[in-house]
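What you see below is based on every heavy atom in this structure, not just the backbone, and it leaves out hydrogens, waters and symmetry mates.
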Amino acid sequence: MAGLVLVPGALPRSILFLCGMNAVRSPMAEQLARRMLPATVFVASAGVRAGERDPFVDAVLGEEGLSLGERHPRTLNDLEDDYFDLIVTLAPEAHHAALELTRSLAVEVEYWPTPDPTDAGGTREQIMAAYRDVRERLKLRIGRRFFLTEAKKATEITC
């Protein structure tokens, strides 16, 4: 992560990425965040309801040297710990569920609207392009949320 510096005070101790079925967007975000963030940050993902593992996710993560391993989609009820400092929702359904879940808790909830690549049609390459687009959007969003670029840091220090 050359050229990136962690944003002071912006790093939660635990992050949950939440989407509809924990099959595409949230497991992708989980794996990317685990690689990008320090190991001291606990990162997990879940879905509002159970989904099926998606082989296109394995393929686009594999292009980045990442893998879901033996991990399978899970729901909020499947999580061992249900307290997180930050819940990042990636779909409208997940956002509503997170707000309901955290009504009486001091938990930060952020909505990162993320397209659903399972809606893509066409050739295998066109479908892969949709999944790659989601992967790249998530990498960019994680970087923007938790890191400063060296150029931005230098500007903020001199201002």
Side-chain angles (χ1 to χ4, degrees), residues 1-4 6-7 10-99 101-102 107-147 149:
M1 304 281 347
L4 296 178
L6 285 170
V7 177
L11 206 55
R13 291 182 311 252
S14 57
I15 304 168
L16 173 66
F17 289 98
L18 186 64
C19 69
M21 294 187 289
N22 192 226
V24 178
R25 294 168 283 190
S26 58
M28 209 182 290
E30 176 185 0
Q31 293 306 311
L32 291 167
R34 284 181 182 213
R35 181 173 67 186
M36 294 171 72
L37 299 174
T40 55
V41 178
F42 178 77
V43 180
S45 68
V48 175
R49 58 190 187 287
E52 296 293 322
R53 187 156 168 170
D54 187 318
F56 288 108
V57 172
D58 292 313
V60 298
L61 286 176
E63 292 174 348
E64 295 283 315
L66 297 170
S67 171
L68 293 176
E70 296 300 313
R71 187 196 176 289
H72 291 280
R74 59 184 169 229
T75 67
L76 286 167
N77 294 333
D78 296 331
L79 296 174
E80 291 178 26
D81 187 1
D82 62 357
Y83 180 80
F84 293 88
D85 295 318
L86 173 63
I87 298 175
V88 175
T89 61
L90 304 169
E93 173 187 21
H95 190 67
H96 295 299
L99 293 176
L101 178 74
T102 61
V107 178
E108 187 177 354
V109 178
E110 292 181 10
Y111 178 45
W112 297 0
T114 308
D116 183 354
T118 64
D119 292 337
T123 66
R124 175 178 166 71
E125 193 50 41
Q126 289 168 324
I127 295 168
M128 287 290 289
Y131 279 74
R132 287 183 189 113
D133 178 62
V134 168
R135 179 193 66 205
E136 295 306 309
R137 286 175 189 240
L138 288 169
K139 278 198 311 194
L140 184 63
R141 191 69 189 251
I142 292 166
R144 283 184 179 160
R145 170 61 171 84
F146 300 110
F147 296 92
T149 63

Short side-chain donor-acceptor distance under 3.5 Å, Asn77 and Thr75: no

Heavy atoms only: give me the nearest [X]-[Y] pair and the separation to one decimal.
X: Val109; Y: Ala98; answer: CG1-CB, 4.0 Å
X: Ala23; Y: Val57; answer: O-CG2, 3.4 Å
X: Pro73; Y: Asn22; answer: CB-O, 3.2 Å
X: Ala94; Y: Cys19; answer: CB-CA, 3.6 Å

Arg13 and Phe42: CA distance, side-chain angles, deciding distance, side-chain contact (heavy atoms from CB on, under 4.5 Å) verdict: CA-CA 6 Å; Arg13 291 182 311 252; Phe42 178 77; over 6 Å; no

Looking at side-chain heavy atoms only, is the closest gap between [X] and [Y] below 4.5 Å?
X: Phe146; Y: Leu86; answer: yes
X: Ile142; Y: Trp112; answer: yes
X: Leu16; Y: Val107; answer: no
X: Leu61; Y: Ser67; answer: no
X: Glu108; Y: Pro12; answer: no
X: Arg132; Y: Glu64; answer: no
X: Tyr83; Y: Thr102; answer: no
X: Leu138; Y: Met36; answer: no

Distance from [X] atom [atom1] to [Y] atom [atom2], nearest 0.5 Å?
X: Lys139; Y: Glu136; atom1: NZ; atom2: CD; result: 3.5 Å
X: Leu101; Y: Leu18; atom1: CG; atom2: CG; result: 8.5 Å
X: Asp116; Y: Tyr131; atom1: CG; atom2: OH; result: 7.0 Å
X: Leu11; Y: Arg145; atom1: CG; atom2: CZ; result: 8.5 Å
X: Leu32; Y: Leu140; atom1: CG; atom2: CG; result: 11.5 Å
X: Met28; Y: Ser45; atom1: CE; atom2: OG; result: 11.0 Å

Worked check of side-chain contact (heavy atoms from CB on, under 4.5 Å) between Leu99 and Tyr111: CA-CA 10 Å; Leu99 293 176; Tyr111 178 45; over 6 Å; no

Test side-chain contact (heavy atoms from CB on, under 4.5 Å) applied to Arg25 and Phe17, step by step: CA-CA 8 Å; Arg25 294 168 283 190; Phe17 289 98; over 6 Å; no

side-chain contact (heavy atoms from CB on, under 4.5 Å) partner of Thr114, the single match among Leu90, Val88, Asp133: Leu90

Pair Asp85-Ser14, side-chain contact (heavy atoms from CB on, under 4.5 Å): steps then yes or no: CA-CA 5 Å; Asp85 295 318; Ser14 57; 3.5 Å; yes

Salt-bridge criterion met for Arg53 and Glu70 (N-O under 4.0 Å): no

Under-4.0 Å salt bridge between Glu30 and Arg74: yes

